[in-house]
Amino acid sequence: MEVSTIACIFDLDGVLVDTAVYHYQAWKKLANSLGFDFSHEQNEQLKGVNRMRSLDKILAWGGVEKSQDEKEELAALKNTWYVDMISKMSASEVLPGSLELLEALHAKGIKIALGSASKNSGLILERTNLTHFFDAIVDGNAVTTSKPDPEVFVKGAELLKAAAEDCIVFEDASAGVEAAIAAHMAVVGVGEEKNLPGADMFVKDLSGVSVQQLIDLVANRKG
């Protein structure tokens, strides 16, 4: 298979950089301000989920009901705290193997897109010096439905002018894996296998991925 016929679409949070900790801290601060708390296990359910759906889940855990206007205010408050945190990020917070894999893909002319629910992806990529690797960016500002809907990955493939069967998605959330499968794309699960059912291969981080493995993955799926 020609190297250039594959295309890669990366989730951001928890795959390339670790912003999950900042989301957790900001949501936890919001929950605490409303008089309750939630666990790390519950926080796993928020991975890959957009802001308003995450807020709905958190409010349900706390048994708190709010009007739509109040929800908008709470979501904006959480985002203000979160943006303040990520504004202090640096390239040192890029996860192991991420930079090396992006460099290897870029060197071989393989198209790369971002497929993230984050509405702050531009700021995060800028702070971590990763922006220049991406041929297309599809984030929470560009889609109307969140994962597990496949819209974010379908748009990414369209912008890369790549067929779904040639695309490989990198995801750390079960909702993202579901979205990639719905888009008929190969999936590399980043994290624990038990949390990512349906992925085609599993790695602890991107240091466990080579370009040849990705080429073989797509070729094997095509049979």
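Just so it is clear, the values below take in all heavy atoms, side chains as well, and ignore hydrogens, waters and symmetry mates. These figures come from a predicted structure and were not determined experimentally.
- Residues I9 and M201 fall into different hydrophobic clusters, defined by Ile, Leu, Val, Met, Phe, Trp and Tyr side chains chained together at heavy-atom separations under 4.5 Å.
- Within the 4.5 Å cutoff, side-chain heavy atoms of L125 are placed close to those of I137.
- Atom-to-atom distance recorded for L12:CG and I124:CD1 is 5.0 Å, nearest 0.5 angstrom.
- A donor-acceptor contact shorter than 3.5 Å is absent between the side chain of D135 and the backbone of A113.
- A search for ring-ring contact (aromatic ring centres under 6.0 Å, His included) contacts involving H132 returns nothing, not counting sequence neighbours.
- The CG atom of L46 sits 9.5 Å away from atom NE2 of H23, with the distance rounded to the nearest 0.5 Å.
- The only member of S118, S121, S116 that meets side chain to side chain donor-acceptor pair (under 3.5 Å) when paired with D139 is S121.
- Inter-residue side-chain proximity for D84 and T80 is flagged as unmet; no heavy-atom pair is nearer than 4.5 Å.
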Discussion item. Would I112 and L102 count as a side chain to side chain contact (heavy atoms under 4.5 Å, CB included) here? Give the steps.
Written reply: CA-CA 8 Å; I112 304 170; L102 289 171; 4.1 Å; yes
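- Screening residues 93-105 for side-chain hydrogen bond (donor to acceptor under 3.5 Å, both in side chains) gives Y22-E93 as the qualifying pairs, with residues at least two apart or on separate chains.
- The two residues A180 and V187 make their nearest non-hydrogen contact at CB-CG2, 3.5 Å.
- Taking both residues in full, the closest heavy atoms of T131 and E126 are given as OG1-N, 3.4 Å, listed atom of the first, atom of the second, then distance.
- Put simply, the side chain of T128 does not reach to within 4.5 Å of the side chain of L16, judged on heavy atoms.
- The shortest distance between side-chain heavy atoms of L74 and L34 falls below 4.5 Å.
- Residue pairs satisfying the side-chain hydrogen bond (donor to acceptor under 3.5 Å, both in side chains) criterion with at least one member in residues 25-36, sequence neighbours excluded, are listed as follows: K28-D37.
- Across every non-hydrogen atom of I58 and A31, the tightest pair is CG2-CB, 4.3 Å.
- H106 pairs by the ring-ring contact (aromatic ring centres under 6.0 Å, His included) definition with F133, not counting sequence neighbours.
- Looking at E151, its side chain never comes within 3.5 Å of a backbone N or O of V143 through a donor-acceptor pair.
- A chain of hydrophobic side-chain contacts below 4.5 Å, direct or via other Ile, Leu, Val, Met, Phe, Trp or Tyr residues, connects V15 to V209.
- The distance from atom CD1 of I110 to atom CD1 of I6, rounded to the nearest 0.5 Å, is 4.0 Å.
- Put simply, V83 and M85 are part of the same group of oily side chains (I, L, V, M, F, W, Y) that touch within less than 4.5 Å, one to the next.
- Side-chain atoms of L105 and V211, non-hydrogen and from C-beta on, do get closer than 4.5 Å to each other.
- Taking all atoms of both residues into account, the shortest heavy-atom contact from M185 to V169 is SD-CG2, 3.7 Å.
- The shortest non-hydrogen separation linking L160 to A7 is CD1-CB, 4.0 Å.
- Residue pairs meeting the ring pair (Phe, Tyr, Trp, His ring centres under 6.0 Å) criterion with at least one member in residues 150-191, sequence neighbours excluded, are F10-F170.
- Looking at N120, its side chain never comes within 3.5 Å of a backbone N or O of L123 through a donor-acceptor pair.
- Residues D149 and T144 have side chains not in contact (no heavy-atom distance under 4.5 Å, counting atoms from C-beta outward).
- Of the N and O atoms on the side chains of T19 and D13, at least one donor lies less than 3.5 Å from an acceptor on the other residue.
- Residues V177 and L95 do not share a hydrophobic cluster, defined by chaining ILVMFWY side chains whose heavy atoms lie under 4.5 Å apart.
- Within the structure, every pair that satisfies the side-chain hydrogen bond (donor to acceptor under 3.5 Å, both in side chains) test and touches residues 199-209, not counting sequence neighbours, is listed here: D200-R221, D205-S207.
- Under a hydrophobic clustering in which Ile, Leu, Val, Met, Phe, Trp and Tyr are joined whenever their side-chain heavy atoms come within less than 4.5 Å, directly or via other members, V152 and M52 fall into different clusters.
- The distance from atom CG of L59 to atom OG of S54, rounded to the nearest 0.5 Å, is 10.5 Å.
- A donor-acceptor pair is defined here as one N or O able to donate and one able to accept, closer than 3.5 Å; no such pair exists between the side chain of K222 and the backbone of V218.
- Nearest heavy atoms, K147 versus R53: O-NH1, 3.1 Å.
- Between atom CD1 of residue I168 and atom CD1 of residue I215 there is a gap of 8.5 Å, rounded to the nearest 0.5 Å.
- With values rounded to the nearest 0.5 angstrom, C167 atom SG is found 12.0 Å from L214 atom CG.
- No donor-acceptor pair closer than 3.5 Å links the side chain of K57 to the backbone N or O of Q45.
- Taking the side chain as every heavy atom from C-beta outward, L30 and W81 approach each other to under 4.5 Å.
- Residues D11 and D172 form a side-chain contact, since some pair of their non-hydrogen atoms from C-beta on lies under 4.5 Å apart.
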